[in-house]
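Single-structure report; data block below.
All values derive from a computational prediction rather than experimental measurement.
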Amino acid sequence: MKHPATQRPENVTKLALLTATALTLLLSAVQVDSAVGDTFKHDVYDYKVLSVDPATQTGTVSIALAYQKTLEGDITLPAKVDYENYAYNVTEIVDRGFINSTNLTALTVSEHIKKIGKGAFAYCYSLASLTIPDSVTDIEESAFYSANSLLNLQLGSGIITIKTDTFSHATNLTTLTIPDTVTTIEGSAFYGLTGLTNLHLSSALTYIGEYAFYEAKSLESLTIPDSVAVIERGAFYGAINLSNLIIGSGVVSIKNMAFYFVTVPGAYFKGNAPIMEPTVFYKKPTLYYIEGKQGWTSPTWNEYNTAIWVPDESLKVSFEFQNGRLILTYGAGRLQESANLADWSVVDESGHYEVAVSSNGNRFYRAVQ
C-alpha cells in the first residue's frame, strides 16, 4: 500500500507565498477606485458620486436625506464627506432630497453647494430661517415651496434666476432682499407672500414673471428698478395695500393685471411711456411722468389722467454691508428708523449712518424732509 509522500518544508513555504500573493491580488481587486454614479450612506444622509479624481482621491457628491431618517432643529448641511479613502465636496442637493422635513427649523446650506434641486425642501413647514451661500448658482423650481414659517431669508450673490414657485407660499416672510446678481424672477416665484411688508429688488433685474408676487397684500411701497424691462401678467396682483409705486426708467412693457386689485392713487414713471395692456390696474390711478420723457401726453394718456412729476433724488437711500455693519447714505433730510413700518423715529441727519447688523428683529429706514 502506497502512502502520499510527506510534504517538504520548501513546498510549504512556496504554498504560503502563493496564498499571500493571491490574497493581495484579491484585496487589490476589491479596492477599486470610486466611480461616477456610486452611492453610499453616511450619518443620516445618502450620497451619490458626481465626479472623481483618482490621482488626488477627491471628488464631488450630491446629498439627500436617507430613507426613514429625519432632521430636527437647526441644521448646517455638511460641506465635505470622507468615504473609502476619498474626500468629497458636497456640491448638489438632489430633487426632493429633503421634502417634508417638517421638524427642520433653521437651515444653513454648506459653502460648496452649487445646486439645490426641484422641491428639495418643499413642505418644510417649520423652517423659519434659511441661509444660502454665494456658492449656490442654481435653485430649481419649488425648492422651498410652502415654507410658510419662513421669517429670515438670506440669499447669496451667486443666484441669477429665481425660478417658478421657489418660495411660493412663504406666507410669514416679512422682509425680502433680492441680491443684485439676480436678473430674472420667474412666474409665481414668490406667489402668496401675504406677510411681505418690505421688498428690495435687484438692481440688475430685467424681468418679473407672471404672478411673481401674487397677493403680496401687506406690501405698502414698491420701487421697480431701472433695469427692469418687462413686468408680466399679474406680477403684483392683489397687492391691495400698496400706497407708493415707482416704475423704473427701463420698463417698456407692463402686461394685463400686473397691478390688479391695487388701489394705489398714483403711479410714478421715471422713463418713457411703456406699452401697457388695457387692464394693468383695477382702478386707473393718476400716472405721473417726468417732463421730457417720450410718449406721454397731458392731461390724459391712454384713458389715464396724467401729471408732471419732479422726483427728489436727494432723499434716495443707498446701503452696503461691511464687517457686520449696515452703512446707509442719503443726500438730504433726516433718516428715520422703524421696527414695524408704523412708528418712526429720527436716528440721523448727517447723510451717513452706520449700525451693527442685529438678529433681534427687522429694522426699516427711510429718508424724509
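A distance-only check finds a donor-acceptor pair linking the side chain of Asn272 to the backbone of Gln294 [under 3.5 Å].
Tyr365 and Glu337 share a donor-acceptor pair across their side chains, judged by distance under 3.5 Å alone. Of the N and O atoms on the side chains of Thr171 and Asn148, not one donor lies less than 3.5 Å from an acceptor on the other residue. With no hydrogens or angles considered, no side-chain donor-acceptor pair links Ser227 and Thr206 at under 3.5 Å. Side-chain N/O atoms of Asp74 and Thr105 include a donor and acceptor closer than 3.5 Å. No side-chain donor-acceptor contact under 3.5 Å links Asn103 and Ser126.
In this structure, Asp38 does not pair ionically with Lys48, as no charged nitrogen and carboxylate oxygen lie closer than 4.0 Å. The pair Glu210-Arg233 does not meet the salt-bridge criterion, since no charged nitrogen lies less than 4.0 angstrom from a carboxylate oxygen. Salt-bridge formation is not detected for the pair Lys163/Glu186: no Lys NZ or Arg NE/NH1/NH2 atom is positioned less than 4.0 Å from an Asp or Glu carboxylate oxygen.
With sequence neighbours excluded, the residues satisfying ring pair (Phe, Tyr, Trp, His ring centres under 6.0 Å) with Phe213 are Phe190, Phe236.
Side-chain contacts under 4.5 Å among hydrophobic residues (ILVMFWY), followed directly or transitively, place Tyr282 together with Tyr191, Tyr211, Tyr214, Tyr237, Ile240, Met257, Tyr260, Phe261.
Taking the centre of each ring, Tyr145 and Tyr123 come in below the 6.0 Å mark. Taking the six-membered ring wherever Trp is involved, the centroid distance between the rings of Trp301 and Tyr289 does not fall below 6.0 Å.
Follow the hydrophobic side-chain contacts under 4.5 Å out from Tyr207 and you never reach Ile224; the two are in separate clusters. Under the 4.5 Å side-chain contact rule for hydrophobic residues, Leu107 and Tyr125 do not share a cluster. Under the 4.5 Å side-chain heavy-atom criterion for Ile, Leu, Val, Met, Phe, Trp and Tyr, Ile308 and Phe269 are members of the same hydrophobic cluster.
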